[in-house]
Engineer: 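First the structure, then my questions, so here it is.
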Amino acid sequence: MAMPLRQTVRVGTYLLEQKLRKREKFPLIVELEPLFACNLKCEGCGKIQHPAGVLKQRMPVAQAVGAVLESGAPMVSIAGGEPLMHPQIDEIVRQLVAKRKYIFLCTNAMLLRKKMHKFTPSPYFAFAVHIDGLRERHDESVAKEGVFDEAVAAIREAKRRGFRVTTNSTFFNTDTPQTIVEVLDFLNDDLKVDEMMISPAYAYEKAPDQDHFLGVEQTRELFKKAFSGGNRRRWRLNHSPLFLDFLEGKVDFPCTAWAIPNYSLFGWQRPCYLMSDGYVPTYRQLIEETDWDKYGRGKDPRCDNCMAHCGYEPTAVLATMGSLKESIRAARESVAGNRD
């Protein structure tokens, strides 16, 4: 795990505070969507399927910052849509960084080189570039040629300017262990991104392509093979060791979607950004008025094939905090990742 030491300590302290306060449900990271509009039409995403009137909307800065502060989460993933299309995205980031929130700005990087000057390098801020494969595979997934090359150029430029750069890669049933190894080797060894996030694709209900999402057993077999040969320890993966164990099928966890809540133009989405069972205006309502016990594999058929990080990474993190052995293991891997 390659999370910076300062951030690791901050998140660990936050989790300890929640335990001491005996809070059963709390946010680890907020997924903030200040717009749904995007400059790409990815087959596995359904955000741009919203009506034209919705796609024109942009969340006010005060509303975006206020939602994060209301939740109390120490980390924020700003997504969309394409957040760099928001005319005040730099101000949203600036205000959240001023509050010492750790920010990951998720982007397809098509606008990154043009907009980079609006941002300032900070230990609290990172660009999170979406990369789903090498050139041919990535461009196919986003349905546009040239996107991979532009993303790579933007990553190199961001690194040159002193920004932290992470990547987020989603894998489908068209992937093989070799394609996973190839893209993560490239990101880790060639581009030398600071950390990498990975997730099996989930059948997002509005996505145009519904035929290439992974099942549970497919996911476990795929990652078990991809992680073999010491790749897990070599790659700078921004995941807890237990979550990677989970992807391989070594352990199983219940879903804790409440730990990574989604806030968008419609409000707080329940139960998670992948499923839409309504919205509420406040974080407190989300936590207190959602029947969390009815979600998860074996409870809701929509959850049966889900192993996405938004539901299971926080479970793994909480399990790590509850075990001295796993805490030591995670600390060792974090130190090793920061040393590389």
Side-chain angles (χ1 to χ4, degrees), residues 1-8 10-11 28-33 73-80 82-84 89-90 92-93 96-97 101-113 115-116 119-134 138 141-142 147-148 150-171 180 183-200 231-232 234-241 243-244 247 260 273 308-310 313-314 316-317 330 333-334 336-340:
M1 185 168 67
M3 183 185 292
L5 184 59
R6 178 190 300 187
Q7 186 175 347
T8 300
R10 169 73 180 281
V11 173
L28 185 62
I29 181 170
V30 167
E31 292 183 333
L32 177 67
E33 295 180 324
M75 298 182 289
V76 185
S77 173
I78 304 179
E82 171 51 57
L84 290 177
I89 190 61
D90 56 318
I92 293 175
V93 168
L96 290 174
V97 166
K101 303 295 184 181
Y102 286 93
I103 312 301
F104 296 89
L105 193 155
C106 303
T107 176
N108 57 43
M110 292 296 288
L111 297 173
L112 183 51
R113 288 198 288 177
K115 304 281 188 176
M116 203 179 298
F119 302 89
T120 302
S122 165
Y124 292 98
F125 175 70
F127 290 114
V129 180
H130 205 89
I131 300 289
D132 283 346
L134 296 182
H138 180 72
S141 73
V142 300
V147 176
F148 177 83
E150 178 58 32
V152 168
I155 289 172
R156 294 192 191 280
E157 179 63 14
K159 292 286 290 180
R160 187 188 70 80
R161 296 192 190 188
F163 287 99
R164 283 187 58 78
V165 180
T166 71
T167 54
N168 186 10
S169 300
T170 303
F171 298 109
I180 293 177
V183 68
L184 295 183
D185 275 351
F186 176 74
L187 297 173
N188 192 82
D189 303 334
D190 190 325
L191 285 186
K192 293 180 170 55
V193 300
D194 293 282
E195 53 198 14
M196 302 174 290
M197 293 174 281
I198 58 177
S199 184
N231 285 331
R232 269 183 57 168
R234 185 171 59 80
W235 290 329
R236 291 183 296 279
L237 296 173
N238 185 22
H239 294 289
S240 64
F243 178 71
L244 299 178
L247 289 182
I260 306 186
Y273 86 97
H309 67 278
C310 64
E313 176 74 87
V317 170
E333 294 197 14
S334 180
N338 280 284
R339 187 170 56 239
D340 291 341

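We count residues from 1, following the sequence as given.
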Engineer: Measuring from atom NE2 of His309 to atom CG of Asn168, what distance do you get when rounded to the nearest 0.5 angstrom?
Structural biologist: 6.0 Å

Engineer: Mind checking whether Ile260 and Glu31 have side chains closer than 4.5 Å, heavy atoms only?
Structural biologist: yes

Engineer: List the atom of Gly133, the atom of His138, and the distance in Å for their closest heavy-atom pair.
Structural biologist: O-CB, 3.4 Å

Engineer: Are any non-hydrogen side-chain atoms of Ile78 and Ile89 less than 4.5 angstrom apart?
Structural biologist: yes

Engineer: Does the side chain of Ser240 reach to within under 4.5 Å of the side chain of Glu313, using non-hydrogen atoms?
Structural biologist: yes

Engineer: Is the centre of the Phe119 ring less than 6.0 Å from the centre of the Phe163 ring?
Structural biologist: no

Engineer: Report yes if some heavy atom in the side chain of Val142 is under 4.5 Å from a heavy atom in the side chain of Asp132; otherwise report no.
Structural biologist: no

Engineer: Does Val183 reach the side chain of Thr167, with side-chain heavy atoms less than 4.5 Å apart?
Structural biologist: no

Engineer: Drop me the distance from Leu244's CG to His239's NE2, to the nearest 0.5 angstrom.
Structural biologist: 6.5 Å

Engineer: Measuring only between side-chain heavy atoms, which start at C-beta, is Arg232 closer than 4.5 Å to Pro241?
Structural biologist: yes

Engineer: Asn108: what forms a side chain to side chain donor-acceptor pair (under 3.5 Å) with it, not counting sequence neighbours?
Structural biologist: Asn39, Glu82

Engineer: Using side-chain contact (heavy atoms from CB on, under 4.5 Å), reason through Thr170 and Ser141 one step at a time and then give a plain yes or no.
Structural biologist: CA-CA 10 Å; Thr170 303; Ser141 73; over 6 Å; no

Engineer: According to ring-ring contact (aromatic ring centres under 6.0 Å, His included), who are the partners of Tyr102, at least two apart in sequence or on a separate chain?
Structural biologist: Tyr124

Engineer: Taking the side chain as every heavy atom from C-beta outward, state whether Lys159 and Val193 have any atom pair closer than 4.5 Å.
Structural biologist: no

Engineer: Strictly below 4.0 Å, N to O, side chains only: are Asp189 and Arg234 in salt-bridge contact?
Structural biologist: yes

Engineer: Could you tell me the separation between the CE atom of Met110 and the NE2 atom of His130, rounded to the nearest 0.5 Å?
Structural biologist: 14.5 Å

Engineer: When rounded to the nearest 0.5 angstrom, what is the spacing between CD1 in Ile180 and CG in Asn231?
Structural biologist: 10.5 Å

Engineer: Within this structure, what is the CE-CD distance for the pair Met75 and Gln7, rounded to the nearest 0.5 Å?
Structural biologist: 6.0 Å

Engineer: For Val76 and Lys101, which heavy atoms make the closest approach, and how far apart are they?
Structural biologist: CG2-CB, 4.3 Å

Engineer: Between Val152 and Asp190, is any pair of side-chain heavy atoms under 4.5 Å apart?
Structural biologist: no

Engineer: Shortest non-hydrogen contact from Cys106 to Pro83?
Structural biologist: O-CG, 2.8 Å

Engineer: Which atom pair, heavy atoms only, marks the closest approach of Leu105 to Phe125?
Structural biologist: CB-CE1, 3.8 Å

Engineer: Closest approach of Arg156 and Leu191, non-hydrogen atoms and distance?
Structural biologist: CZ-CD2, 3.5 Å

Engineer: Can you tell me if Arg236 uses its side chain to pair, donor with acceptor, with the backbone of Asn188 under 3.5 Å?
Structural biologist: yes

Engineer: Which atom pair, heavy atoms only, marks the closest approach of Ala158 to Phe127?
Structural biologist: CB-CD1, 4.3 Å

Engineer: Can you name the ring-ring contact (aromatic ring centres under 6.0 Å, His included) partners of Phe148, sequence neighbours left out?
Structural biologist: Phe186

Engineer: Between atom OG1 of Thr166 and atom CD1 of Ile131, what is the distance when rounded to the nearest 0.5 Å?
Structural biologist: 11.0 Å

